[in-house]
Student: 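I'd like to ask some things about the structure below.
Protein chains get the first letters and strands the later ones, always in sequence-line order, with residue 1 at the start of each.
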Amino acid sequence: GESVGLHLPTLSVQEGDNSIINCAYSNSASDYFIWYKQESGKGPQFIIDIRSNMDKRQGQRVTVLLNKTVKHLSLQIAATQPGDSAVYFCAEIIYNQGGKLIFGQGTELSVKP
Amino acid sequence: ETGVTQTPRHLVMGMTNKKSLKCEQHLGHNAMYWYKQSAKKPLELMFVYNFKEQTENNSVPSRFSPECPNSSHLFLHLHTLQPEDSALYLCASSRGTQDTQYFGPGTRLTVL
């Protein structure tokens with residue numbers, strides 16, 4: 001399953017499928033990007049990050065892809081599990097603008113058993 | 001656990017009450033933050049402290065008053081709040097202000 005970030009705030013996938021959560025950013029000067037996962041009743045949890053000089057970074061079951069040409073960031077979750085159900089936020093940091101973390105609206109991922 | 005704790009986890013208060021939210025980080029970080037998270041909205045940065053000094057106040061009303069006695073503790077003092085202030089208040093910390101931020105579990109605040 002695939003989302004288009006701000007324009008599709010919910011994504012529903014079948015357990016075991018791969019999930020793709022998308023995020024568009026507007027500032028080409030962004031230096032650093034982070035994906036957070038927020039489960040119901042909890043604070044955002046760091047998942048994976050990527051710097052602007054990279055195109056791809058892999059973690060455990062997660063991969064982040066960065067396409068600077070179209071200013072697009074995606075989070076891929078392999079073999080999605082019920083425990084992956086949460087809201088996923090992308091965030092960006094622009095170092096020469098004080099380094100503030102700027103959050104996107106978030107995409108809610110729902111995993112069907 | 002992220003190493004950032006917040007108390008209380010839930011708080012219900014009237015508009016005339018005074019209460020305080022507490023945040024503590026055990027990560028040895030130098031920067032701490034308060035965010036407000038309302039339903040269906042992105043996180044809103046409220047305050048930033050770096051080495052105990054406030055470096056950012058994001059046009060927050062004076063009914064919210066932060067305090068940072070040291071790099072490990074951060075408070076948010078609340079008084080004469082409005083119902084629209086009901087939200088999840090999140091604390092975060094980072095090594096420096098341009099580093100990854102780690103969040104606490106939040107305080108769910110309801111103003112009656």
Side-chain angles (χ1 to χ4, degrees), chain A residues 3 5-11 21 23-27 29-54 57 59 62 64 73 75 86-109, chain B residues 1-11 21 23-25 27 29-50 53-59 74 87-110:
Chain A
S3 83
L6 295 179
H7 301 290
L8 188 65
T10 61
L11 174 65
I21 301 171
C23 182
Y25 63 95
S26 57
N27 197 324
S30 294
D31 300 291
Y32 179 50
F33 302 87
I34 305 168
W35 279 102
Y36 286 92
K37 171 186 179 183
Q38 187 174 21
E39 297 175 87
S40 180
K42 297 183 178 180
Q45 176 187 359
F46 171 86
I47 302 174
I48 192 168
D49 58 2
I50 187 168
R51 301 205 178 269
S52 60
N53 61 352
M54 301 171 68
R57 190 157 190 227
V62 294
V64 55
L73 188 70
L75 177 70
V87 176
Y88 290 81
F89 295 94
C90 65
E92 59 185 308
I93 295 179
I94 305 169
Y95 291 140
N96 65 6
Q97 291 185 15
K100 286 191 298 185
L101 201 59
I102 302 168
F103 283 88
Q105 185 174 5
T107 297
E108 183 173 8
L109 176 65
Chain B
E1 294 298 324
T2 63
V4 182
T5 58
Q6 290 186 244
T7 55
R9 295 294 309 277
H10 300 273
L11 178 62
L21 310 185
C23 176
E24 183 174 0
Q25 58 96 359
L27 301 169
H29 289 167
N30 300 307
M32 296 188 77
Y33 311 79
W34 280 116
Y35 287 87
K36 175 183 179 182
Q37 187 177 35
S38 303
K40 306 297 183 184
K41 290 186 179 179
L43 276 73
E44 300 172 49
L45 179 65
M46 300 175 71
F47 301 103
V48 180
Y49 278 81
N50 194 29
E53 298 298 320
Q54 184 174 315
T55 59
E56 180 136 1
N57 176 337
N58 205 22
S59 302
L74 185 65
L88 181 68
Y89 288 84
L90 291 160
C91 173
S93 73
S94 61
R95 185 174 55 183
T97 55
Q98 298 186 352
D99 295 309
T100 301
Q101 294 175 25
Y102 294 88
F103 286 81
T107 295
R108 173 67 62 185
L109 174 68
T110 303

Student: Heavy atoms only: give me the nearest Leu88(B)-Lys42(A) pair and the separation to one decimal.
Tutor: CD2-O, 4.5 Å

Student: Run the side-chain hydrogen bond (donor to acceptor under 3.5 Å, both in side chains) test against Thr107(B) and tell me which residues pass, sequence neighbours left out.
Tutor: none

Student: State, to 0.1 Å, how close Phe89(A) and Gln37(B) come at their nearest heavy-atom pair, and which atoms those are.
Tutor: CZ-NE2, 3.4 Å

Student: Do the rings of Tyr102(B) and Phe46(A) sit parallel, tilted or perpendicular, given the 30° and 60° boundaries?
Tutor: tilted

Student: Quick check on Gln38(A) against chain B: is it the side chain, the backbone, both or neither that has a heavy atom closer than 4.5 Å?
Tutor: side chain

Student: Nearest 0.5 Å, what's the CG-CG distance between Asp99(B) and Asp49(A)?
Tutor: 10.0 Å

Student: Between Glu56(B) and chain A, which part of the residue has a heavy atom less than 4.5 Å away: side chain, backbone, both or neither?
Tutor: side chain

Student: Tell me the closest heavy-atom pair linking Pro44(A) and Leu90(B), and the distance in Å.
Tutor: CD-CD1, 3.7 Å

Student: Over all heavy atoms of both residues, which pair between Gln98(B) and Ile93(A) is shortest? Give the atoms and the distance, please.
Tutor: O-CD1, 3.9 Å

Student: For the candidates Gly104(B), Gly96(B), Pro105(B), Ala92(B), which exhibits the highest count of non-hydrogen atom pairs separated by less than 4.5 Å from chain A?
Tutor: Pro105(B)

Student: Determine the minimum heavy-atom distance between Pro42(B) and Gly104(A), stating which atoms define it.
Tutor: CB-O, 3.8 Å

Student: Distance check, rounded to the nearest 0.5 Å: Tyr32(A) atom OH versus Thr100(B) atom OG1?
Tutor: 2.5 Å

Student: Run the side-chain hydrogen bond (donor to acceptor under 3.5 Å, both in side chains) test against Arg108(B) and tell me which residues pass, sequence neighbours left out.
Tutor: none

